[in-house]
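Since the structure is predicted, the reported quantities are computational estimates derived from the model, not experimental observations. Start at 1 and go down the list; that is how both ligands and their atoms are numbered. In what follows, residues are counted from 1 in the order of the sequence shown.
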Amino acid sequence: MLTFEQHINEPKIAYFSMEIGLNDNIPTYSGGLGVLAGDTVKSAADLNLPFVAVTLISRKGYFKQSLDENGVQKELPAIWDPSALMVAAPEKLTIEIEGRPVVLQAWIYFVESLRDWNVPVIFLDTDLPENSPEDRGLTDHLYGGDERYRLKQEFILGAGGVRMLNKLGFEIKKYHMNEGHAAFLTLELLQEHKKDIEEVWDEMYVWDLETVRELCVFTTHTPVEAGHDKFSYDLYNSVTGSFFPEKVLRKLAGEDHINMTLLGFNLSNYVNGVAKKHMEVSRHMFPGYKINAITNGVHSYTWTSENFKKIFDKYLPGWANEPEIFVRIGVIPDEELWAAHMEAKKKLIDNINSSTNAGMDYETLTIGYARRMTAYKRADLLFSDIERLAKIGDGRIQIIYSGKAHPKDIEGKKIIEKIFAYREHLKGKIKVAFIPGYNMKTALKLISGVDVWLNTPLRPLEASGTSGMKAAHNGVVNFSVLDGWWIEGHIEGFTGWAIGPAPSDIGPDNNINQIDADDLYHKLENSVIPLYYNDRKTWIRMMQNAIGKNAYYFNSHRMMRRYVTEAYIK
Ligand SMILES: *Cc1c(COP(=O)(O)O)cnc(C)c1O
C-alpha cells in the first residue's frame, strides 16, 4: 500500500464533496450525491489514480430515522467515532470565521483497492478544545442548521480544504468540485494565485482567473432549484470577513446574491452534468455556459450482492475491475443466474418477515422502491388509483419501500405517512413493507433482492439517479419514468420498461401525474406481471440485458475513465 510520503510526492486530483458515502460505519452522507462521491473515490482507488478527497467529518451524521406506527418520522443524531476508523493528522490550521480564529484538523481515511493502491480521504473537523462550543459544532451536522451554519460549513470545506491540503504537503493539479457546496475553494485559489503587480487600473486584473480555471472542474448534480445554494452578500461578509472582495465576487457569483453553482461555473474550465438529459436541462438553467455530460455510474464491486459476486467470479473473472466483461453475461447458465437471484430475494424476504409482520413470500413478483423521500420523486405515484392497483396486483405483487425525508422536508415526510396509510388500505390484497433507516446496507439488500426496481420521478428533475444502476448489477429489471440515466439505459421490453411518455412528448399543460400513473398500471398489468409469471425464459433474458447492457455501461469505472480523459487531463 502507498505510504503517506508516497502520496504527497505525486501531484493529485483533489475531489471536494460535502458528503461522501463509503460505508455505513462512516454515516457522512444523505443520499445519491454522497454515495456517488464514495463510488467515485473507490473507482479512483481501483484504477490507481492519483487522487485525494476532501469532505467534512459530520460527527453527528445526517440522522438516524425512526418511524412510529403511522409513519411519522423522528430524527435522531447518528453519532459515530472517527478515532475508531481513522487517524488525525498532527497538522492543524486556523480559519477566520465571524472574526474569530477557528482551529481545523484533518482525519485521514484510506480507501484501499484490491490492487495495492489507496486513496486518502481528508475529513475536516472543528471539534477541538481550542474552539468555542459553538465552533466545535460546525462540522457536526450534514445539511443541518440554518443558512449561516451552512455558509460556515461551505467556507470550511472550500477554503479550509484547500489550505489543509497545502498544510499536509499535497501538490494538487486539479480541483474537482462535486456540486456547488465546495465552490469557495475557487476564492482560496484566486488568493493563492494573485498577480504580483504594483499599479492596477482595473481591480479585476490582479485576479488570475485563467490560472484558477485551468485548475478547476465542476460537476452539477440537480435541476432542482433548492439544490443550488444561494447566500446573501451580507451573510457572506459577516461570516468570512474580508476574505475576498465583495465587489469582485459579485462579478463571479451573481450581482444579487452568491450563487455557488455560478461561482463554480465561472471558475472552471470543464463543467458537466451527470446524464445527457441533465446536460440539456442545465444548459437551459445556465445559458451561455459550455456544459458537458458524463453520465454517472456505480461502483460495481460495492453494489453487487454476495450471490452475484459468486457467479460473476466463476464465469466472468476480473469483472469487478473491468465491468466491460459484463458484455459476456450470456456465458452464465440461465438456471444459475435465476438461482443467484432467488438466493438474494430469499435473504431480503426473510429479513423483512423477521422485522415486520408483512408475511411476504418468495414466489410473488416483488417491486422495490427506495430513495430520498422528497416530493419530486413521487414515491406515492404507484398509489394514485388505489382500487385499480388492488385489482391489478391482488395476490400477484408485493412492494417494499424505504427512504428518509430531510428533517425540514414536510412534504417528503407526508409521503412516508401516506405510504403507511396505503399499506393499511391494501391489507389482504397487496403486501406492502416499509424498511426504516434507509442506508447503504439496506440499499444493497433491496436492489439485489427484489424482482423489479421502480422509479417515478417528475421529469426532468431526476438528474441521473443511481439506484437503478445498482439494481441492474444484480439482474434486477428497471421499470421507470424516462428521466436521467434511464433515457440512456432503457430499451423497451429488453433492458426494462418505461413509464409514461418520452421526455420530448410532454406538453406544458399535460396532466403528467395522471398520464404516468395510467401507463404504470397499464404496463404492470399487461407487460410486467404476465411476463414474470408466464414467460420466465424471457424474464431471465431481460435480467441478462440489465447486466450486459446497463451494468456494463453504468458503472463508476467507466465514469472515472471519462473524467480522466475529458476533464482531468487537459
Ligand atoms: C444509491 C443510493 C441513493 C441514490 O438513489 P437514487 O436512485 O439516485 O435516488 C440514495 N441513498 C442510498 C443509501 C443509496 O445507496
Original post:
Can we call the ring centroids of His228 and Phe286 under 6.0 Å apart?
Top reply: yes
Subject >> Geometric class of the Phe479/Trp497 ring pair [parallel <30°, tilted 30-60°, perpendicular >60°] >> reply: perpendicular
Original post:
Between Tyr143 and His181, how do the two ring planes meet: parallel, tilted or perpendicular, split at 30° and 60°?
Top reply: tilted
Original post:
Would you find more than 12 non-hydrogen atoms of other residues, nucleotides or ligands less than 6.0 Å from Phe420 atom CZ?
Top reply: yes
Subject >> Aromatic Tyr438 / basic Lys404 pairing, under 6.0 angstrom, 45° off normal >> reply: no
Distances for all N or O pairs of ligand 1 and the protein under 3.5 Å?
from, atom 1, to, atom 2, distance (Å)
ligand 1, 7 (O), Ser467, N, 3.1
ligand 1, 7 (O), Ser467, OG, 2.5
ligand 1, 8 (O), Thr466, N, 2.8
ligand 1, 8 (O), Thr466, OG1, 3.4
ligand 1, 9 (O), Lys377, NZ, 2.8
ligand 1, 15 (O), Lys470, NZ, 2.6

Subject >> Distance flag, aromatic centroids of Phe326 and His473, threshold under 6.0 Å >> reply: yes
